[in-house]
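Just below is one structure, and these are the notes that go with it.
Quick note on labels: first sequence line is chain A, next is B, and so on, each numbered from 1. Because the structure is predicted, anything quoted here is derived from the model rather than measured.
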Protein chains: 2
Amino acid sequence: MKFGTRIKELRTQKGLTLDQLAQETGSAKSYIWELENKNPPRPSAEKLAAIASALGVTVDYLIGSDEQTLEKAEDTAFYREYSSLPEDTRRQIREMAKILGTKKPK
Amino acid sequence: MKFGTRIKELRTQKGLTLDQLAQETGSAKSYIWELENKNPPRPSAEKLAAIASALGVTVDYLIGSDEQTLEKAEDTAFYREYSSLPEDTRRQIREMAKILGTKKPK
DNA sequence: CATTTATGTTCGGAGTAGCGACATTTTGAA
DNA sequence: TTCAAAATGTCGCTACTCCGAACATAAATG
């Protein structure tokens, strides 16, 4: 699967417009469109990193060099972001997770 | 730390020459050299993926969006528990984290 | 309907990624 | 030492990334 398709799927799935995603990633919306629709694009790692971050996945997942499922990629990206947060915020999240986790334990 | 340095470290650590790494990654050795020494490089994701693969790391690690090692036991434990939760609960947590994370971005 | 507003698509051009060919330095065997 | 091979640097050129802004089309709004 081409990563252009992947980007488009993730973007629409999150209800984002080209413009919004472009804003968040510091790109031109025209360029995002070209990535999604034109072949074959060869974007810089910088751009891809910004896009991956905005979409909440890893670069490796986006370009398909990773056999990870989307679910796993999202979890990995989440953990990375979580790790960069200040301790008190992390603690809030952990506590909340604990509550959610025991509410309906499977 | 710049990823040029990271590449150089990994390459020499593996005892590879510029030429060898260039071979394995389908790049020109001159380009590998420029990546390692010139600033600021902005390589394509394609190239980086090939290099990361040859060096046995992820793209995300190479470009430094994966700077953190899993140091804190508490965090690691949290991630372990998080991973065991059902997807919809994980999604709730991720969304919550995103909000908390953007409230006061580090 | 006509008009506005949101979203998607096309296009020209500036600047640079990435290469090949050449230049310099380092290695190390005789 | 010597000097050829191997490794590291240098440079100019072409093709492509990425942008701004115009254009097209869909969706609201009244």
(message) Counting only side-chain nitrogens and oxygens, does A/Arg42 get under 4.0 Å of the OP1 or OP2 atom of C/dG18?
(response)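 Yes, because at least one side-chain N or O of A/Arg42 sits under 4.0 Å from OP1 or OP2 of C/dG18.
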Grab the [atom1]-[atom2] distance between [X] and [N] for me, whole Å please.
X	N	atom1	atom2	value
B/Lys38	C/dC19	NZ	P	14 Å
A/Ile32	D/dT17	CD1	P	14 Å
B/Ile51	C/dA17	CD1	C1'	12 Å
A/Ile7	C/dG8	CD1	C1'	16 Å
B/Tyr31	C/dG18	OH	P	3 Å

(request) Record whether the side chain of A/Glu46 comes under 3.5 Å of the base of D/dC18 through a donor-acceptor pair of N or O atoms. (result)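 Per atom types, no contact qualifies.
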(message) Return whichever of B/Leu35 or A/Glu34 has its heavy-atom-nearest nucleotide of DNA chain C closer to the 5' end.
(response)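 Upstream on the strand: A/Glu34.
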(request) Check step by step if salt bridge (charged side-chain N to carboxylate O under 4.0 Å, His left out) holds for B/Arg91 and A/Glu74. (result) CA-CA 9 Å; B/Arg91 213 185 84 259; A/Glu74 278 176 345; over 6 Å; no
(message) Please determine whether a side-chain nitrogen of the Lys or Arg among A/Glu81 and B/Lys98 lies less than 4.0 Å from a carboxylate oxygen of the Asp or Glu.
(response)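 Between B/Lys98 and A/Glu81 there is no salt bridge, as every charged N stays at least 4.0 Å from the carboxylate O atoms.
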(message) If the threshold is 4.0 Å, N to carboxylate O, is there a salt bridge linking A/Arg90 and A/Glu87?
(response)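 Here A/Arg90 pairs with A/Glu87 in a salt bridge, since their nearest N and O are under 4.0 Å apart.
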(request) Report the relative orientation of the aromatic rings in A/Phe78 and B/Phe78; use parallel for angles under 30°, tilted for 30 to 60°, perpendicular for over 60°. (result)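 Judged by the thresholds at 30° and 60°, the geometry between A/Phe78 and B/Phe78 is perpendicular.
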(message) Testing the basics here: between A/Phe3 and A/Ile63, what is the closest heavy-atom pair and its distance to 0.1 Å?
(response)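 Result for this residue pair: CB-CA, 4.2 Å.
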(message) Looking only at side-chain N and O atoms, does B/Tyr82 offer a donor or acceptor that is under 3.5 Å from a partner on B/Arg94?
(response)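 There is such a pair between these side chains.
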Where do N or O atoms of nucleotides 5-9 of chain D meet protein N or O atoms at under 3.5 Å, pair by pair?
unit_1: D/dT8; atom_1: OP1; unit_2: B/Arg11; atom_2: NH1; d: 3.4
unit_1: D/dT8; atom_1: OP2; unit_2: B/Leu18; atom_2: N; d: 2.7
unit_1: D/dT8; atom_1: O4; unit_2: B/Lys29; atom_2: NZ; d: 3.2
unit_1: D/dG9; atom_1: OP2; unit_2: B/Trp33; atom_2: NE1; d: 2.6

